[in-house]
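Everything below concerns the one structure shown next.
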Amino acid sequence: MPSRTSAAGPPRPKEPRSPRLAASLAAVELFDHDLEDDGVYKSMEFRGVDLSSRDADAVEFEGCRFVDTRLSGTAMRRGGFSNVELERCDLSGMAARASSMHRTRVSASRLTGMTWSECGFKDVTFDACRADLTGFRFSTFKNAVFHDCALPEANFQNADLRGVRFERCNLTGAQFSGAEMEGARFADCVLLGIGGVTSLRGVTIRSRDAQGLVYSLASAMGITIEE
């Protein structure tokens, strides 16, 4: 008799926990104090605020909402986003190191060229984001999902992607060399020309997505495919 576990199949992936925000947030239209080192910003709404090209250390945002806000080109070290929503924001060229996102949702935002290396993402959702050329090297993801994202040439080298879900994403040319990926899932994704294809051991891929891996697998194994 098959065990109850084997009959049930693999466990259903957990959804990332949603951000918890206060019912009323303090509106910030003009950011009087700018981003300050060791600054802590709680229960605030940043709408249409320009925080681009800043340089800050140990900045923390807790229970905040960002709408139409610019963080492009900003450098951040040991930053933290906890229970945060970012909607229609511009994070292009943002560089963060040793930073974290927890219970955070990033939606309809531009992340082109954003680099979050050696960072932690827990209970995070990226939804309908333009995220080409993003860098997540050596970062750790736990209970994270990418929905409907454009991720051409994204770099996940040496990242911990165990259990991460990619759904309806364009991952053309993405790099996964050295990544830990057991339990990760790809559904309705474009996987043409990805690097580090041998790191995909233990992932689940829909059959129609797997066709895009043929040339990458052949190249990794030294196989020449002739027309």
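Just the heavy atoms: all of them, side chains too, but no hydrogens, waters or symmetry mates, feed the values below.
For the pair Thr69 and Phe46, the tightest heavy-atom approach, listed with the atom from each and the gap, is OG1-O, 2.9 Å. Between Glu15 and Asp123, the shortest heavy-atom contact is O-OD1, 4.4 Å. Closest heavy-atom contact between Ser117 and Thr115: OG-CG2, 3.3 Å. In this structure, Val106 and Cys129 approach most closely via the heavy-atom pair O-SG, 3.4 Å. Of all heavy-atom pairs spanning Gly63 and Leu25, the tightest one is O-CD2, 3.6 Å. The two residues Cys119 and Ser139 have their closest heavy-atom pair at N-OG, 3.0 Å.
In this structure, Tyr41 and Phe61 have parallel ring planes: the angle between them is below the 30° cut-off, well short of the 60° mark. Between Phe166 and Phe146, the angle of the ring planes stays under 30°, which puts this pair in the parallel group of the 30/60° scheme.
Both Leu111 and Trp116 belong to a common hydrophobic cluster when Ile, Leu, Val, Met, Phe, Trp and Tyr are linked at side-chain heavy-atom distances under 4.5 angstrom. In this structure, Val203 is a member of the same hydrophobic cluster as Phe176, with clusters built from ILVMFWY side-chain heavy atoms closer than 4.5 Å. Under a hydrophobic-cluster definition in which Ile, Leu, Val, Met, Phe, Trp and Tyr are linked whenever side-chain heavy atoms come within less than 4.5 Å, directly or via other members, Leu86 and Val28 are assigned to the same cluster. Under the 4.5 Å side-chain heavy-atom criterion for ILVMFWY residues, a single connected hydrophobic cluster contains both Phe66 and Met76. Cluster annotation: Phe156 and Phe138 are assigned to distinct hydrophobic clusters (Ile/Leu/Val/Met/Phe/Trp/Tyr, side-chain heavy-atom contacts under 4.5 Å, transitive).
Between Arg168 and Asp188, no side-chain nitrogen of the basic residue sits less than 4.0 Å from a carboxylate oxygen of the acidic one, so the salt-bridge criterion is not met.
The distance from the CG atom of Asp160 to the CD atom of Glu182 is 10.5 Å, given to the nearest 0.5 Å. Here the CD-SG distance, from Glu85 to Cys64, works out to 11.0 Å after rounding to the nearest 0.5 Å. Rounding to the nearest 0.5 Å places NZ of Lys42 at 11.5 Å from CG of Asn83. For the atom pair CG (Asn155) and CD (Gln175), the distance works out to 6.0 Å, reported to the nearest 0.5 Å. Rounding to the nearest 0.5 Å places CG of Leu51 at 5.0 Å from CG of Leu35. Leu133 CG to Leu151 CG: the interatomic distance, rounded to the nearest 0.5 Å, is 10.5 Å.
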Step-by-step salt bridge (charged side-chain N to carboxylate O under 4.0 Å, His left out) determination, Glu118 to Arg77:
CA-CA 10 Å; Glu118 301 175 26; Arg77 295 164 300 279; over 6 Å; no
- Any chance you could lay out the side chain to side chain donor-acceptor pair (under 3.5 Å) test for Asp127 and Thr125, step after step, and finish with the verdict? CA-CA 6 Å; Asp127 184 34; Thr125 298; over 6 Å; no
Please evaluate residues Arg206 and Arg185 with respect to the criterion side-chain contact (heavy atoms from CB on, under 4.5 Å), reporting the C-alpha separation (whole Å), side-chain torsions for both, the decisive distance (0.1 Å), and the verdict. CA-CA 9 Å; Arg206 287 194 176 171; Arg185 290 175 170 267; over 6 Å; no
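A donor-acceptor contact closer than 3.5 angstrom is absent between the side chains of Arg105 and Ser107.
Distance alone, capped at 3.5 Å, is enough to place a donor-acceptor pair between the Ser109 side chain and the Cys89 backbone. In this structure, the side chain of Ser199 does not engage the main chain of Met181 through any donor-acceptor pair within 3.5 Å. Arg54 contributes a side-chain N or O that, together with a main-chain N or O of Ser52, makes up a donor-acceptor pair within less than 3.5 Å. Looking at Thr134, its side chain never comes within 3.5 Å of a backbone N or O of Asp132 through a donor-acceptor pair. Judged purely by atom type and a 3.5 angstrom limit, Asp34 has no side-chain atom pairing as donor or acceptor with the backbone of Glu36. Between the side chain of Glu45 and the backbone N or O of Arg47 there is no donor-acceptor pair closer than 3.5 Å. One N or O on the side chain of Thr74 and one on the backbone of Ser53 form a donor-acceptor pair closer than 3.5 Å. A donor-acceptor pair under 3.5 Å links the side-chain atoms of Thr104 to the main chain of Phe81, judged by distance alone. Under the 3.5 Å distance criterion, the side-chain polar atoms of Asp37 are matched with a main-chain donor or acceptor of Asp57. Side chain of Arg103 to main chain of Ser18: a donor-acceptor pair is present (N/O by atom type, distance under 3.5 Å, no hydrogens or angles).
Put simply, the side chain of Val124 does not reach to within 4.5 Å of the side chain of Pro16, judged on heavy atoms. In this structure the side chain of Leu161 never reaches within 4.5 angstrom of the side chain of Phe136, judged on heavy atoms.
The ring of Phe141 has its center no closer than 6.0 angstrom to the ring center of Phe126.
Checked against His102 for a side-chain hydrogen bond (donor to acceptor under 3.5 Å, both in side chains), the options Lys142, Arg17, Glu62 give a single hit: Arg17.
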